[in-house]
Amino acid sequence: MSREPYNHALIEEKWRDFWRERGFFKAKIHDTSRKFYYLNMFPYPSGKLHAGHGRNYILGDAIVRFLLMRGWNVLNPMGWDAFGLPAENAAIEQGVHPRDWTWQNIREFKRQFRAWGVEYDWDREIATCEPDYYKWTQWLFLKLYEKGLAYRAKGKVNWCPHCEVVLANEQVIGGRCWRCNSPVEKRELEQWYFKITAYAERLLRDLEKLDWPEHVKKMQENWIGRSEGAEVVFRAEAGQEIRVFTTRPDTLWGATFLVLAPEHPLVAELTAAERRAEVKAYQEATDRLTEVERTSTEKEKTGVFLGTYAINPVNGERIPIWIADYVLPGYGTGAIMGVPAHDERDFLFALKFGLPVIPVIAHPEGKAKAYVPAGSFPQELPRALASAGFSPREENGALFLEFSQEETDRVTDVLKEHLSSRGWAAVVGKGWQIVFAKETLNIGSVAEERKALIELQNRDPRFTSKRTVAEILWDVPFLRDLLFHAGFGTMVNSGPLSGTPGEEAFSQTVEWLSQKGFGKKTVSYKLRDWLISRQRYWGAPIPMIHCPRCGIVPVPEKDLPVRLPEVKRIGKLGLADIPEFISTTCPRCGGPARRDTDTMDTFVDSSWYYLRYISPKDDARPFDPELVNQWLPVDLYVGGVEHAILHLLYSRFITKFLYDLGLLSFDEPFKRLFTQGMVTYPAYWCPTHHWIPPKEVVEGNRCPKCGAELVVSVVAMSKSKKNVVSPDELIAQYGADTERLYTLFMGPPEKEIEWSEEGVRGCFRFLHRFWNLALSIIERAASAAGEPDPQNFGPKEWEIWGKLHATIKKVTEEFEGRLALNTAVAAIMELVNAVSEYLEDPKADAQLLRRALRDTILLLSPFTPFICEELWQRLGEGKAILETPWPAYDPKALEGGEVEIPVQINGKVRARLRVPRSLAKDQKALEELVLQSPAVREKLGEMKVVKVIAIPEKLVSLVAK
RNA sequence: GCGAAGGUGGCGGAACUGGUAGACGCGCUGGACUUAGGAUCCAGUGGCGAUGAGCCGUGCGGGUUCGAGUCCCGCCCUUCGCACCA
């Protein structure tokens with residue numbers, strides 16, 4: 001039988017404009033009774049879309065189509081994050097205006113959306129580069145300025161030498177530029193900041209309210225980086241107060257030096273005259289380091305002694321002040337106390353520079369060790385230890401002993417008694433003791449440490465080169481694991497707080513410190529203020545004016561927007577290159593003044609765009625507060641994880657700010673977040689010709705130009721690596737429906753996954769089969785009037801009927817729940833397979849067939865809207881799919897038919913019985929049935945059933961002997 | 001190093017609160033139709049057994065249970081994020 005073949009090109013072109021023309025995707029903005037705000041992260045329009053982008057937009061389109069059929073009034077807008085460097089770079093290179101370049105790309109994106117069948121409410125389209133949008137970005141800046149949350153400050157900033165632009169901390173990934181991956185440098189510049197740190201606590205606390213993926217919340221939590229500790233004031237001998245932040249105030253008695261960041265403002269003052277040159281040289285060397293170099297943990301510790309001292313308030317200890325680049329200027333107070341016994345970095349620093357180590361926390365596991373070097377003891381010592389109940393190990397003439405901390409005094413007593421007159425021993429665990437004949441020295445202060453060192457040097461000439469007791473002990477591998485630890489444990493050598501157990505150490509010390517006025521409990525955050533100035537043309541100008549008389553003056557709201565000047569060519573300096581832009585008059589005094597020449601970080605543009613969609617054309621205000629408060633927060637926000645910190649943190653901050661202004665009634669913008677995974681594809685690298693498109697690769701993974709063997713890596717699709725799959729080609733060959741179906745079928749949408757051409761063909765084949773099935777059913781049963789009647793069903797019909805309803809249930813639940821649409825597609829495929837098989841039966845129930853097809857078309861329509869709309873029309877349903885309610889499942893349909901019940905005997909499946917579902921639901925009856933079953937009896941043989949576990953509708957498990 | 005997620009066929013991946021492991025798709029094998037097919041359709045496909053019965057199988061080792069991919073304890077490995085943050 002020859003049948004009309006599936007012609008995707010024809011079908012898709014036929015329906016491409018249908019949904020838009022019928023207005024199905026236009027939100028009814030004033031009717032919020034059944035509102036649903038669905039939002040995809042808006043794209044940066046760079047070039048063309050590739051198949052990887054589909055993960056985001058096709059998923060969104062499917063969800064929205066589902067929601068529409070469920071009767072939601074869906075707001076589903078789209079816009080353009082249209083400011084940014086690539087446009088400007090393209091402009092500089094090709095001489096086109098960034099706006100033209102951007103809008104050309106936008107047209108391309110829109111063409112591709114249409115080809116995909118991805119629809120939006122285009123009446124709400126926004127572009128952040130247009131004055132009617134950035135006017136309000138500037139307004140936002142002014143509001144922040146008014147509230148003291150936008151400020152200008154001089155300081156070391158992150159500078160990308162490649163992009164020639166400053167970066168916010170969030171835009172530095174592992175010390176490199178987020179955009180171009182160049183190592184980031186430091187520059188001293190005066191820049192604008194937003195005070196996001198004022199919201200640190202709320203940004204952290206409110207994460208709890210969000211229905212977001214746990215790992216995204218965790219990333220934000222880590223980024224905000226709250227830690228509780230104490231600020232302690234040390235006083236320099238010259239009188240200056242040095243504030244130090246520590247999370248371990250309980251180790252305060254072990255501080256043997258202070259370290260300031262090289263950038264610390266007190267450094268100059270605290271430097272002794274004779275050390276000025278060295279200190280200055282070190283500061284300059286630090287400045288030259290890139291972020292990667294400075295923060296590499298592999299790097300050996302460096303630092304310089306300032307030549308002056310401070311006093312530890314808790315014990316009066318006089319300790320040297322150093323600077324070192326491992327102390328960062330922006331965190332805590334930019335100064336730390338060095339507690340080498342209980343902080344790994346401080347320990348390495350002390351070991352390198354010969355600074356004493358004083359243990360003040362007993363080893364948490366209660367372990368202790370003793371070491372007696374060769375020649376330090378007579379033969380009776382091992383015997384004496386043995387008779388005291390210890391079991392020392394003797395090796396190469398030295399003695400090694402492990403014991404528990406409570407036994408420390410007994411051990412030192414025995415050692416003291418039996419050491420030879422010039423011998424010594426070390427006991428570590430509950431602090432450190434150096435034992436000599438007749439004397440035990442506890443290392444509990446710097447003075448004691450010095451004394452012990454001298455005594456040791458007196459006894460062993462090899463120690464004269466050692467600067468600290470720690471160095472001597474570190475040379476004994478046996479002792480190493482107890483010389484340094486960062487755990488909580490009983491405080492020792494800590495004056496009045498000695499003996500405080502680990503669990504209370506922190507709180508007791510903090511209380512004691514504040515009583516004494518030495519310090520107080522504080523909270524520190526890793527989060528820094530958001531640096532928003534960018535030295536570029538293609539962004540929203542910062543609406544500020546620098547007046548020689550009045551200082552910094554904001555542009556009055558009525559003068560907004562501060563427009564980007566229209567220029568033919570853009571210079572490398574951006575706005576600073578354009579004198580006409582710079583010169584202006586001061587709004588306060590009317591005198592000549594200069595405009596700020598920086599533009600804002602594009603993340604400012606995108607930090608509020610979800611509000612603008614509600615009233616995109618309002619030129620009197622940024623958004624309509626009443627409508628915004630009804631539509632927001634966004635019900636479901638879908639985008640890539642790469643924004644887990646950047647965009648999502650900034651948006652939360654801005655929302656909270658606008659909430660505080662009283663303009664919003666909600667303080668979190670995105671109620672639920674879903675992050676889709678990236679799509680990967682092999683990328684081929686030739687050492688001479690760089691990235692080679694996969695299609696051009698010659699057999700045997702060789703370069704088409706030079707034949708060299710290529711390096712293959714499977715990475716996220718990107719234009720720069722030339723490993724993109726083009727939707728245009730896919731659509732030409734297989735159709736948009738096939739691409740959509742495969743995109744949603746290839747795996748769980750949140751996971752990263754590799755694109756597979758074979759997988760695409762599988763989906764193409766499925767659509768063929770579905771097409772053929774549908775035409776057969778239409779031929780046979782299109783006119784079958786009325787609904788199927790379960791009264792007339794045989795077992796086959798029940799099976800189809802049950803499967804149909806189970807599929808409806810499954811697909812509905814996936815859309816409404818975890819969005820694992822891959823499993824929804826699989827379920828629909830199963831249904832189609834089952835119906836195909838049923839269709840073989842010439843006596844198949846026509847009403848049932850028709851109903852099954854009808855519902856299958858509806859279920860599949862969010863995934864493959866073109867073919868479904870076509871078949872829907874051919875089936876003769878009057879309305880469009882999007883005007884038709886989503887099918888509902890009937891719980892009763894799930895209860896008919898038969899189920900297969902496996903029977904386990906002693907844990908192994910030994911038989912399977914087909915049981916009517918009604919019977920299988922009844923535990924007693926099921927039990928009975930199984931025990932009567934000949935198949936089961938045969939398997940049981942001689943065995944006796946001891947126990948029966950019958951789980952209705954699932955299985956029966958027999959225990960037999 | 002810290003934090004999180006995850007290890008299931010040749011591959012992508014299914015398996016809800018412990019209840020038939022491997023759904024669905026790819027690939028592969030055989031067949032049909034064809035001048036031909038990398039097109040389409042049909043059948044088979046975790047491993048070991050001869051087609052049987054059966055045995056073994058969800059990273060490894062233990063445990064709980066009638067029953068464990070799923071729960072508990074101890075390891076190994078992978079991926080991602082953070083990482084000199086005091």
Side-chain angles (χ1 to χ4, degrees), chain A residues 5 173-175 213-223 225-227 229-230 244-248 251 259 261 294-301 324-328 330-339 342-346 348-349 486 524-528 641 644-645 677 741-742 745-748 750-766 768-769 772 810 813 817-818 820 822-833 899-912 946-960:
Chain A
I173 314 288
E214 280 310 313
H215 70 278
V216 174
K217 292 205 250 184
K218 199 81 202 168
M219 279 163 77
Q220 293 218 347
E221 191 184 314
N222 291 341
W223 187 261
R226 182 185 204 272
S227 51
V244 149
F245 175 73
T246 177
T247 53
R248 290 298 303 273
T251 65
V259 189
R294 175 156 181 180
T295 56
S296 156
T297 23
E298 264 88 87
K299 179 172 153 273
E300 215 188 317
K301 294 275 173 292
D325 62 10
Y326 80 91
V327 177
L328 306 172
Y331 184 74
T333 59
I336 62 153
M337 58 178 194
V339 184
H342 305 294
D343 181 284
E344 194 179 2
R345 297 151 302 181
D346 297 344
L348 293 172
F349 193 78
S524 211
Y525 299 92
K526 268 172 55 181
L527 184 70
R528 314 285 161 84
V641 237
I645 294 173
L741 188 65
Y742 175 63
F745 178 61
M746 60 181 167
E750 70 280 5
K751 255 191 71 177
E752 175 177 303
I753 203 148
E754 186 178 346
W755 185 266
S756 143
E757 184 82 25
E758 284 73 32
V760 174
R761 275 206 294 276
C763 289
F764 189 54
R765 275 201 287 270
F766 169 75
H768 265 105
R769 271 187 282 133
N772 289 331
K810 167 81 180 164
E813 284 172 357
R818 58 179 188 164
N822 55 320
T823 64
V825 174
I828 297 172
M829 287 175 168
E830 274 187 71
L831 174 64
V832 168
N833 292 346
V899 269
E900 194 176 77
I901 298 290
V903 181
Q904 294 183 345
I905 298 173
N906 293 334
K908 299 221 154 121
V909 179
R910 288 289 129 113
R912 292 164 203 273
V946 190
K947 192 174 175 188
V948 184
I949 298 118
I951 310 295
E953 293 185 88
K954 293 282 187 204
L955 59 39
V956 175
S957 185
L958 305 177
V959 186

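In what follows, every chain begins at residue 1, and chains take the letters A, B, ... in the order their sequences are listed. All values below come from the heavy atoms of this structure, side chains included, with hydrogens, waters and symmetry mates left out.
- Taking every side-chain heavy atom of A:Arg769 into account, B:rG25 is the closest of B:rU20, B:rA86, B:rG25.
- Here A:Asn833 lies in heavy-atom contact (under 4.0 Å) with sugar-phosphate atoms only.
- Comparing the C1' positions of B:rA21 and B:rG7 gives an interatomic distance of 16 Å, to the nearest angstrom.
- A:Tyr742 contributes no side-chain N or O that, together with a main-chain N or O of A:Gly762, makes up a donor-acceptor pair within less than 3.5 Å.
- Of the candidate nucleotides B:rA14, B:rG54, B:rA86, B:rG54 has the atom lying nearest to any side-chain atom of A:Arg910.
- Closest to the side chain of A:Phe245, out of B:rG13, B:rG12, B:rA86, is B:rA86.
- Taking atom NZ of A:Lys751 as the reference point, atom C1' of B:rG6 lies 8 Å away to the nearest angstrom.
- A side-chain donor-acceptor contact under 3.5 Å links A:Asn906 to the backbone of A:Ala960.
- Within the 4.0 angstrom heavy-atom criterion, only backbone atoms of the sugar-phosphate kind lie near A:Lys908; the bases stay farther away.
- Other residues, nucleotides and ligands contribute more than 12 heavy atoms inside 6.0 Å of the CD atom of A:Glu221.
- Across all strands shown, A:Ile753 has heavy atoms under 4.0 Å from sugar-phosphate atoms exclusively, and none from any base.
- Nucleic acid contact for A:Glu830: sugar-phosphate only, since backbone atoms but no base atoms lie under 4.0 Å from a heavy atom of the residue.
- Here the separation of B:rU35 from B:rU45, taken at their C1' atoms, is 31 Å to the nearest Å.
- Taking the C1' atoms as reference points, B:rC26 lies 31 Å from B:rC76, given to the whole Å.
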>> If you apply the rule side-chain contact (heavy atoms from CB on, under 4.5 Å), what do you find for A:Val339 with A:Thr246, and how did you get there?
In response: CA-CA 10 Å; A:Val339 184; A:Thr246 177; over 6 Å; no
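- You won't find any donor-acceptor pair under 3.5 Å spanning the side chain of A:Lys218 and the base of B:rC82, going by distance alone.
- Of all nucleotides present, only B:rU45 satisfies the Watson-Crick or G-U wobble test against B:rG27, with each distance under 3.5 Å.
- Comparing B:rG81 with B:rA68, their C1' atoms sit 31 Å apart, to the nearest whole Å.
- Dashed line: the shortest gap from a side-chain N or O of A:Arg818 to OP1 or OP2 of B:rC16 is not under 4.0 Å.
- Using a 4.0 Å heavy-atom criterion, one finds that A:Arg294 contacts the bases of the nucleic acid, with or without backbone contacts as well.
- At whole-Å resolution of the value, CD in A:Glu752 and P in B:rA4 are 21 Å apart.
- Figure legend. B:rA4 is base-paired to B:rU79; pairs are counted as Watson-Crick or G-U wobble with both atom distances under 3.5 Å.
- Here B:rA39 presents its C1' atom at 9 Å from NE2 of A:His768, a figure rounded to the nearest Å.
- Taking the side chain of A:Val909 as heavy atoms from C-beta on, and the options B:rG19, B:rA21, B:rG13, the nearest nucleotide is B:rA21.
- A distance-only check finds a donor-acceptor pair linking the side chain of A:Arg248 to the backbone of A:Ala486 [under 3.5 Å].
- B:rG9: glycosidic angle within 90° of 0, hence syn.
- Using a 4.0 Å heavy-atom distance criterion, A:Gly762 is classed as a sugar-phosphate-only contact.
- The CZ-P distance, from A:Arg765 to B:rC24, rounds to 15 Å in whole Å.
- Taking for each of A:Met219 and A:Gly225 the nucleotide of RNA chain B with the nearest heavy atom, the 5'-most of the two is the partner of A:Met219.
- Ranking B:rG25, B:rU20, B:rA83 by closeness to the A:Trp223 side chain, first place goes to B:rA83.
- Atom C1' of B:rC71 sits at a distance of 15 Å from the matching atom of B:rU58, rounded to the whole Å.
- Taking atom P on both B:rG59 and B:rG37, the two are 42 Å apart, rounded to the nearest angstrom.
- For B:rU29 and B:rG46, the C1' atoms lie 15 Å apart once the distance is rounded to whole Å.
- A:Glu953 places its CD atom 15 Å from the P atom of B:rG19, with the value rounded to the nearest Å.
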>> Checking A:Leu328 against A:Arg294 for the side-chain contact (heavy atoms from CB on, under 4.5 Å) test, could you report, in this order, the C-alpha distance in whole Å, the side-chain angles of both residues, the deciding distance, and whether it holds?
In response: CA-CA 9 Å; A:Leu328 306 172; A:Arg294 175 156 181 180; 3.7 Å; yes
> Please walk me through it: do A:His215 and A:Val641 pass side-chain contact (heavy atoms from CB on, under 4.5 Å)?
Replying inline: CA-CA 10 Å; A:His215 70 278; A:Val641 237; 3.6 Å; yes
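- Following rounding to the nearest Å, A:Ile645 (CD1) and B:rA4 (P) show an atom-to-atom distance of 16 Å.
- The partner of B:rA86 is absent, by the rule that a Watson-Crick or G-U pair needs both atom distances under 3.5 Å.
- When distances run from any side-chain atom of A:Glu758 to the nucleotides B:rA4, B:rG19, B:rC26, the shortest one goes to B:rC26.
- Searching all strands for a Watson-Crick or G-U wobble partner of B:rG74 with both distances below 3.5 Å returns B:rC60.
- Against the 90° criterion about 0, the sugar-base torsion of B:rG49 places it in the syn range.
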>> Checking A:Thr823 against A:Arg818 for the side-chain contact (heavy atoms from CB on, under 4.5 Å) test, could you report, in this order, the C-alpha distance in whole Å, the side-chain angles of both residues, the deciding distance, and whether it holds?
In response: CA-CA 11 Å; A:Thr823 64; A:Arg818 58 179 188 164; 3.7 Å; yes
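- With a 3.5 Å ceiling on both atom-pair distances, the Watson-Crick or G-U wobble partner of B:rC66 is B:rG19.
- A:Asn822 has its CG atom 15 Å from the C1' atom of B:rC26, to the nearest Å.
- Checking B:rA15, B:rU20, B:rG19 against every side-chain atom of A:Lys810, the shortest atom distance belongs to B:rA15.
- For B:rA50, there is no paired nucleotide, since no Watson-Crick or G-U wobble pair has both relevant distances below 3.5 Å.
- The side chain of A:Ser957 lies closest to B:rG19, out of B:rG19, B:rA86, B:rC84.
- Across all strands shown, A:Val339 has no heavy atoms under 4.0 Å from either base or sugar-phosphate atoms.
- The side chain of A:Met829 approaches B:rC24 more closely than any other nucleotide in the set B:rA14, B:rC16, B:rC24.
- A:Lys526 comes within contact range of at least one nucleobase, with a heavy-atom separation under 4.0 Å.
- B:rG9 and B:rA23 are spaced 13 Å apart, taking the C1' atom of each and rounding to whole Å.
- To the nearest angstrom, P of B:rA21 lies 11 Å from CD of A:Glu900.
- Residue whose closest nucleotide on RNA chain B sits further toward the 5' end, between A:Gly747 and A:Lys947: A:Gly747.
- As judged by a 4.0 angstrom heavy-atom cut-off over every strand, A:Ser227 is placed among residues touching the sugar-phosphate backbone only.
- A:Ser756 comes within 4.0 angstrom of nothing in the nucleic acid, heavy atoms only.
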